[in-house]
Each structure stands twice: as structure tokens, then as C-alpha cells.
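Note that the coordinates shown come from a computational prediction; the quantities given were computed from them, not determined experimentally.
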Amino acid sequence: MRWRRLLAVTRKEAIQIRRDARSLAMAFAIPMLLIVMYGYALTLDVEDLRTIVFDQDGSAASRELLRSFTQSGYFTVVRAARAWSEVEGALDDGRAQVALVIPRNFARDLDLGRRVAVQALLDGSDANTATIATGYVEAVVARYSERLDVAGATVARPPAPVEARLRVWYNADLQSKNFIVPGLIAVIMMVIAAMLTSLTVAREWERGTMEQLVATPIRVGELVAGKLLPYFAIGMLDVALATVAATLLFGVPFRGSAVLLLGFSTVFLLGAVSLGLLISIKTRSQLLASQMAMLTTFLPSFLLSGFAYDIANMPRALQLVTYAIPARYFVTSLKAIFLKGVGLDVLWLEGLLLLAFAVGVTVLATRSFRKSLE
């Protein structure tokens, strides 16, 4: 390989990128826009649950219970119902997601040492929200019961033979952005890197400049490397910007090694840009290449990488398919580096599989390119 010829192709591609405002926008603006949009919009946290209250007791004890719900930060009382029909109507038309019904004689029964049931109705049309809200309701009621005077306000209960003490590791506040944003970086980098390089060779064919490249003494390896280097550099810069945005804008903790992140990003981006180049070589059409790049990167990376859906909950057949998705290993690696701070001793298998993907696709792209007009 002659470095002079390689740098000449790299310089040519860099000039082409600089002159193409759309490519620059795609390279820098789109990744940042997607990270900001998805980072804020895509969340599994459930907050501000619209709640309607039907307090049939109207006592100080019932108001204290309702105050426990509002102070939790998860429930927002949108209405106080005066009749059961108002509760049904609010749930039917979606004005409320949760309905709390406090029975009559709530305070009297507590004073008499009786066990009192508080009814919570949840809109099950959104199963995920309803499931999470159920846990919130149980937690608030349990905390309220603990504050009551055991001697005079609650039913005496036998001591629990087993005590459960819960502690959450790595994401103690259970904030979904802490594991969504690192995975989002992997998905966006896969799509953008492949999309950019998918237009390189196809653009040469459509503009009629491929004949000039074929006529030069440049070798295939030099041509492939020269076309990949500018987009690889853009991808690495995007990773750096996305990492800064994740830590500063979203407050995602970064507990791992920056060197390890750099290494995994290098290997992953090499495979991603090579995949886009391979698509460009095979299609020779910018429109078809962009469509193929989107089809082969976005949907598999978004749906089958473990970013949006837990792989363990997928059907067995789809679980097997996920092993062929390189974003799966990069998503796992980014989450582990950001949140757990683990090293290569834990992530060696993911790194090895990403390296195999990068080398395999690069070799395949190089061998697929022919310096001929046929």
C-alpha cells in the first residue's frame, strides 16, 4: 500500500464531504438531534400519573393518605370525584390513569384497630404504565401504614419471619435515561456510519467519476481505505460528542475507562463504515444504497440489540438472530462501561465478536470491489 495514493483518495473524499452540506448535516446534526430527542422522549419512567380521587370519608386520616400519594412525585390529582360515575367517566375517556377510592369510615376503622382496604383502579390499556403504577400504589400505601401508630391505629401484625431489604445496583434511582442513552449512542452510530459510507462508491458511479478512478494506478485496498478514513474520523468525533452529551446533558454516570470506550468505538465504527461501503459497492445506486443501509442497520439495531427490548424476553428464534447483530455487543459494552465501570476482563467476548465483525466486513468489502467497468 502506498501512503501517498491512500492520502490522495482520503483528501478527495474529504473535499467531497466538505462540499456536500447534506453529508455534513447528516454526520453531525442528525446524531446530536436524535440523541437529544430520544434521550428526552424515550423513557420508561412513569411520572405524573393523572389521578382522580374519590374520598368517601373526608377525614384527616384520609387526607393524610392522599397527601402521601401527591408528595411521592408519581401521582398528580386532576380531580376530586363526588360520585362513582365521575370515576368511571374519567377512566373511560382517559382523563385519569389512576383512581383512588377511600371508603367511608376509613378513620374510624383505623382507630378501632381494623384493617382497611383502599381501592386503586388503573387504566390497563397501557400495560407497562399500569404495571409500574401498581408498584407505586403499593409502596405509598405500605409507607403510610408504617407511619401509623401500631398500638392504636393499625391492626397488630405478627413479625415477618423474613425481612426483604432491596438495593438497586448501577442505577439506584431507576432512571431509564441511564441505560437508554448509552444504548442510543450505539444505535445512532451504527445507522449514521453505514448511511454515510453507503453513498460513496454509488455516488462515483452515478456521477461518472468511477472511470477516472479505475484508470489510475491506485490499488483496491488503498481506494477502500481512503474512502473509509474520513467517515471513520467523523464517526469517532460523533461518539465523543455523544458521550459528552450523555454525561453533561443527561447526567448519565461514566464509571468506566475512556480508553476502553475509545477502543470499542474504534472497532465498532470500522465495521459499521465497512458495512456501508459494502452496500455501496453492491448496489451502485445512492437511493437503493441509502434504503438498504437503513433497512440493515436501523431496524435490527433498534429492535434486536437489547436497546429497546430485553433479549431474554424475545422468542427463542429471535434470540438466535440477535447474535448476528453487531449493535448487540456494542450496546452491552457501552452500558457496562458507563454504568458498571467494568474492564476488558468482563467485556473481552463482546470485543472479540465486534473485532470479528469489523475484520470480516472490511475484507468482504475490499474483495467485492473490482477496478473494472463491468
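- Contact of the Leu270 side chain with the Thr362 side chain is registered, since non-hydrogen atoms from C-beta on lie closer than 4.5 Å.
- Here the closest heavy-atom approach between residue Ala365 and residue Leu278 is recorded as CA-CD1, 3.9 Å.
- Between Val224 and Leu277 the shortest side-chain heavy-atom distance falls below 4.5 Å.
- A donor-acceptor pair under 3.5 Å is absent between the side-chain atoms of Ser301 and the main chain of Phe298, judged by distance alone.
- Rounded to the nearest 0.5 Å, atoms CE (Met195) and CE (Met292) are 12.5 Å apart.
- Taking CD of Gln319 as the start and CG of Leu304 as the end, the distance is 11.0 Å to the nearest 0.5 Å.
- Taking each heavy atom of Leu295 and Pro300 in turn, the nearest pair found is O-CD, 3.4 Å.
- Atom OG of residue Ser274 and atom OH of residue Tyr231 lie 13.5 Å apart, to the nearest 0.5 angstrom.
- Both cation-pi conditions hold for Arg328 and Tyr323: the charged atom is under 6.0 angstrom from the six-membered ring centre and inside a 45 degree cone around its axis.
- When all heavy atoms are compared, the tightest approach of Gly58 to Asp55 is N-OD1, 3.0 Å.
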**OP:** Evaluate side-chain contact (heavy atoms from CB on, under 4.5 Å) for Gln119 paired with Leu100, printing each intermediate quantity in order.
**Re:** CA-CA 6 Å; Gln119 187 178 34; Leu100 297 176; over 6 Å; no

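- Side-chain atoms of Glu86 come within 3.5 Å of backbone N or O of Arg82 as a donor-acceptor pair.
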**OP:** May I have the step-by-step check of side-chain contact (heavy atoms from CB on, under 4.5 Å) for Asp238 and Met189, ending in yes or no?
**Re:** CA-CA 8 Å; Asp238 280 338; Met189 290 303 103; 3.7 Å; yes

**OP:** Determine, step by step, whether Phe232 and Thr266 satisfy the side-chain contact (heavy atoms from CB on, under 4.5 Å) criterion, reporting the C-alpha distance in whole Å, the side-chain angles of both residues, the deciding distance to 0.1 Å, and the verdict.
**Re:** CA-CA 8 Å; Phe232 175 79; Thr266 299; 3.5 Å; yes

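- Not one N or O on the side chain of Arg50 forms a donor-acceptor pair closer than 3.5 Å with the backbone of Gln97.
- Not counting sequence neighbours, Arg11 has no partner by the salt bridge (Lys or Arg N to Asp or Glu O under 4.0 Å) test.
- A donor-acceptor contact shorter than 3.5 Å is absent between the side chain of Thr243 and the backbone of Leu241.
- Proximity of Phe106 to Arg104: side-chain heavy atoms (C-beta onward) are nowhere separated by under 4.5 Å.
- Of all heavy-atom pairs between Leu269 and Gly235, the closest is CD1-C, 3.3 Å.
- Classification of the Tyr136-Tyr74 ring pair by plane angle, with boundaries at 30° and 60°, yields parallel.
- With values rounded to the nearest 0.5 angstrom, Leu122 atom CG is found 4.5 Å from Thr134 atom OG1.
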**OP:** Determine, step by step, whether Ile102 and Leu65 satisfy the side-chain contact (heavy atoms from CB on, under 4.5 Å) criterion, reporting the C-alpha distance in whole Å, the side-chain angles of both residues, the deciding distance to 0.1 Å, and the verdict.
**Re:** CA-CA 9 Å; Ile102 301 177; Leu65 174 60; 4.1 Å; yes

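- At a threshold of 4.5 Å between non-hydrogen side-chain atoms, the residues Lys340 and Arg255 do not count as touching.
- Taking CZ of Arg63 as the reference point, atom CG of Leu66 lies at 9.5 Å (rounded to 0.5 Å).
- Thr332 places no side-chain N or O within 3.5 Å of a backbone atom of Tyr329 that could act as its donor or acceptor partner.
- Looking only at side-chain heavy atoms (C-beta outward), Leu339 and Val252 come within less than 4.5 Å of each other.
- At a threshold of 4.5 Å between non-hydrogen side-chain atoms, the residues Met190 and Leu275 count as touching.
- Looking at every heavy atom in both residues, Ile279 comes nearest to Ala293 through CD1-CA, 3.8 Å.
- From Ile337, atom CD1 reaches atom CG of Leu261 across 5.5 Å, with rounding to the nearest 0.5 Å.
- When all heavy atoms are compared, the tightest approach of Gly251 to Asn178 is O-OD1, 4.2 Å.
- Of the possible polar contacts, one joining the Thr197 side chain to the Val273 backbone as a donor-acceptor pair under 3.5 Å is found.
- Asp57 places a side-chain N or O within 3.5 Å of a backbone atom of Asn105 that can act as its donor or acceptor partner.
- Between Leu121 and Val87, the closest side-chain pair of non-hydrogen atoms falls below 4.5 Å.
- Ring-plane geometry between Phe69 and Phe75 is classed as perpendicular, the angle between the planes exceeding 60 degrees on a 0 to 90 degree scale with a lower cut at 30.
- Side chain of Ser280 to main chain of Ser198: a donor-acceptor pair is present (N/O by atom type, distance under 3.5 Å, no hydrogens or angles).
- Under the 6.0 Å cut-off for aromatic ring centres, Phe302 and Phe307 qualify, their centroids lying closer than that.
- For the pair Phe268/Val239, no side-chain contact is recorded, criterion being any heavy-atom separation below 4.5 Å from C-beta on.
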Could you give the side-chain donor-acceptor pairs of residues 343-359 under 3.5 Å, partners two or more places apart or in another chain?
none

